[in-house]
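Heads up, the thing below is written out as structure tokens.
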Number of protein chains: 2
Amino acid sequence: MPEIQDPRQNHLLAALPVEDRERLFSKLEETPMPLGHVLYESGAQMRHIYFPTTAIVSLLYVMEDGASAEIAVVGNEGVVGVSLFMGGETTPSRAVVQSAGLAYRLPGQLLKDEFLRAGPMQRLLLRYTQALITQMAQTAVCNRHHSLDQQFCRWLLLSLDRLPTNELVMTQELIANMLGVRREGVTEAAGNVQRAGLIEYRRGHITVLDRAGLEARACECYAVVKKEFDRLLPYTD
Amino acid sequence: MPEIQDPRQNHLLAALPVEDRERLFSKLEETPMPLGHVLYESGAQMRHIYFPTTAIVSLLYVMEDGASAEIAVVGNEGVVGVSLFMGGETTPSRAVVQSAGLAYRLPGQLLKDEFLRAGPMQRLLLRYTQALITQMAQTAVCNRHHSLDQQFCRWLLLSLDRLPTNELVMTQELIANMLGVRREGVTEAAGNVQRAGLIEYRRGHITVLDRAGLEARACECYAVVKKEFDRLLPYTD
DNA sequence: GCTGGTCTGTACGAAAGCGCACATACATGG
DNA sequence: CCATGTATGTGCGCTTTCGTACAGACCAGC
């Protein structure tokens with residue numbers, strides 16, 4: 001994949017009008033995002049806000065006993081660190097790179113200054129935050145009501161939407177951490193979905209063969225969130 | 001309880017400086033909130049934003065098959081209808097009165113005008129929204145990892161914090177809808193907690209006898225959310 | 001004070017997921 | 001090409017919750 005980096009690969013940045021874009025773009029720093037890198041620890045002061053382009057970031061909560069669960073996932077459609085402009089500065093969750101790639105980052109103070117201009121950026125950030133809220137809410141519902149198979153499919157689709165290819169580099173162990181289930185459970189779900197011919201995998205690589213099939217097998221949660229993102233943040237590639 | 005209504009019974013309204021308060025208070029309408037009343041339906045245009053004083057409102061998601069789950073709960077610490085100022089206008093969830101009482105409401109346009117002043121009200125609304133995000137995230141985690149007993153205790157405490165008394169008027173059937181579990185499951189959890197001497201109940205009335213005991217029996221989720229609300233929205237009674 | 005409707009208690013097999021143990025298979029670097 | 005560490009497959013008993021069915025208890029209104 002020939003990656004010619006351009007901040008506009010991030011949908012929020014791409015949606016800015018020219019004058020805002022020019023003011024901001026010079027201040028953005030391109031940042032590599034290696035797999036597993038922790039952008040924010042729970043409760044820690046955030047220094048930057050991150051606009052992923054090719055990377056995917058998981059927001060996950062880690063419990064006292066070490067068990068974890070993914071709250072939401074952020075890719076090039078959004079931004080990591082909403083609590084900076086929401087006013088809280090920190091959150092009780094952790095942000096960790098789930099799929100390696102690149103992001104643009106902006107020092108927290110600059111982002112806050114930009115937010116206070118009450119211009120297009122503020123509007124975009126708030127709408128994105130609402131979309132994020134929808135994703136979290138749906139995660140809660142999904143955790144309550146849907147089977148591991150369904151959740152696995154939903155999770156694959158969420159990741160797929162944020163990747164340029166149809167291949168995820170991801171072990172079952174990591175997926176289990178995200179979903180907050182046992183690794184063996186993921187083995188079983190993945191086996192089911194593979195036997196159904198929707199994916200193919202080998203040691204840390206999952207290739208999606210039949211996206212429509214995955215959507216059919218996932219619960220409604222995926223579609224609800226997707227539709228809400230499209231409504232709140234229309235983006236034409 | 002002799003209810004002398006005052007918008008300042010809502011913590012967000014109470015936190016406003018005098019000048020903002022005077023501008024806004026004349027526009028607030030006191031509104032009765034009967035049990036079960038639906039403030040917003042999923043996807044429907046919101047016309048008002050609600051500041052509960054004695055009422056409690058549940059945000060819940062209802063699935064295609066009719067099953068439901070509570071996403072978050074709002075009482076006099078917050079406001080119902082954040083998507084009005086976040087820019088989305090609607091959400092995929094439903095807002096329903098879980099405990100009857102009163103609220104002050106403000107027409108959507110007036111709230112938006114106020115938000116755009118970028119004054120103390122904007123700051124409060126955004127911080128509250130971040131607290132709400134934390135609550136939703138924790139709900140997702142709790143749904144994934146904790147037992148029904150723990151979730152039941154957490155839910156009781158969340159309600160209790162938003163009520164002036166230690167008695168909830170609430171059938172087990174309704175609680176089950178909120179938690180997204182079977183009614184029989186709630187019967188069992190409530191029985192366990194009653195046998196432990198923490199609550200006492202009879203046909204739709206639950207009296208909390210030992211609040212500290214409930215907190216000990218609940219999972220960490222309750223404390224995490226409580227702490228985050230206190231941090232983001234300090235309030236002294 | 002009876003009655004009808006609602007609310008609560010209990011039981012039981014089924015299903016999903018967990019924790020644990022261990023076997024197997026794959027990829028990569030020496 | 002082989003060894004080693006990591007990733008994946010599988011089995012099994014246990015626990016929690018579900019679905020369903022039905023019994024009992026309470027309360028309001030006639």
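The chains referred to below are lettered A, B, ... by the order of the sequence lines, with proteins before strands, and numbering in each begins at 1. Just so it is clear, the structure is predicted and the values come from calculations on it, not from any experiment.
The interatomic distance linking B:D65 (CG) with D:dC18 (P) rounds to 13 Å, in whole Å. With rounding to whole Å, B:L148 atom CG is found 11 Å from D:dC18 atom C1'. The separation between A:R144 atom CZ and D:dT17 atom C1' is 9 Å, rounded to whole Å. Across the protein-nucleic acid pair, A:Q194 atom CD and D:dA7 atom C1' stand 14 Å apart, rounded to whole Å. We find that CG of A:N192 is positioned 11 Å from P of D:dT10, with the value rounded to whole Å.
The main-chain N or O of B:T207 is never found under 3.5 Å from a side-chain atom of B:N166 such that the two would form a donor-acceptor pair. When atom types are taken as modelled, the side chain of A:Y40 and the backbone of A:R47 share no donor-acceptor pair closer than 3.5 angstrom. Checked by atom type and distance alone, the side chain of A:S42 pairs as donor or acceptor with a backbone atom of A:P92 at under 3.5 Å. The closest donor-acceptor contact from the side chain of B:E220 to the backbone of A:M63 lies at 3.5 Å or more, if one exists at all. B:R144 contributes no side-chain N or O that, together with a main-chain N or O of B:A140, makes up a donor-acceptor pair within less than 3.5 Å. Side-chain N or O atoms of A:Q194 include one that pairs as donor or acceptor with a backbone N or O of A:Y201 at under 3.5 Å. Between the side chain of A:T53 and the backbone N or O of A:L102 there is at least one donor-acceptor pair closer than 3.5 Å.
Both A:D149 and B:E184 lie near DNA chain C, and the one whose nearest nucleotide falls closer to the 5' end is B:E184.
For the contact set between residues 169-183 of chain A and DNA chain C, defined by any heavy atom under 4.0 Å, the members are A:V181, A:R182.
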Could you go through nucleotides 2-4 of chain D and list every protein N or O atom that sits under 3.5 Å from one of its N or O atoms, giving the distance for each pair?
none

Polar-atom pairs under 3.5 Å, protein N or O versus N or O of nucleotides 28-30 of chain D: list them with distances, or write none.
none

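For B:Y201 and D:dC26, the shortest distance from a side-chain N or O to OP1 or OP2 is not below 4.0 Å. Contact annotation: B:R202 reaches the phosphate of D:dC27 (side-chain N/O to OP1 or OP2, under 4.0 Å).
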Side chain to side chain contact (heavy atoms under 4.5 Å, CB included) assessment of B:W155 paired with B:M170
CA-CA 12 Å; B:W155 188 91; B:M170 177 72 46; 3.9 Å; yes

Report the C-alpha distance between A:Q98 and A:E70 in whole Å, list the side-chain angles of each, state the deciding distance to 0.1 Å, and finish with yes or no for side chain to side chain donor-acceptor pair (under 3.5 Å).
CA-CA 11 Å; A:Q98 176 207 105; A:E70 188 178 79; 3.2 Å; yes

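In terms of heavy atoms, B:C221 sits closest to B:C142 at SG-CB, 3.6 Å.
Here chain A contacts DNA chain C (any atom closer than 4.0 Å to a heavy atom, that is under 4.0 Å), and the contacts span C:dG17 to C:dA27 from 5' to 3'.
Take B:K227 and apply the salt bridge (Lys or Arg N to Asp or Glu O under 4.0 Å) test, not counting sequence neighbours, and it matches no residue. The salt bridge (Lys or Arg N to Asp or Glu O under 4.0 Å) search around A:E167 returns none, not counting sequence neighbours.
Remark: B:E188 CD is loosely packed, at most 12 non-hydrogen atoms of other residues, nucleotides or ligands lying under 6.0 Å away.
Residues B:R231 and A:T90 bring a donor and an acceptor atom of their side chains to less than 3.5 Å of each other.
As judged by a 4.0 angstrom heavy-atom cut-off over every strand, A:G204 is placed among residues touching the sugar-phosphate backbone only.
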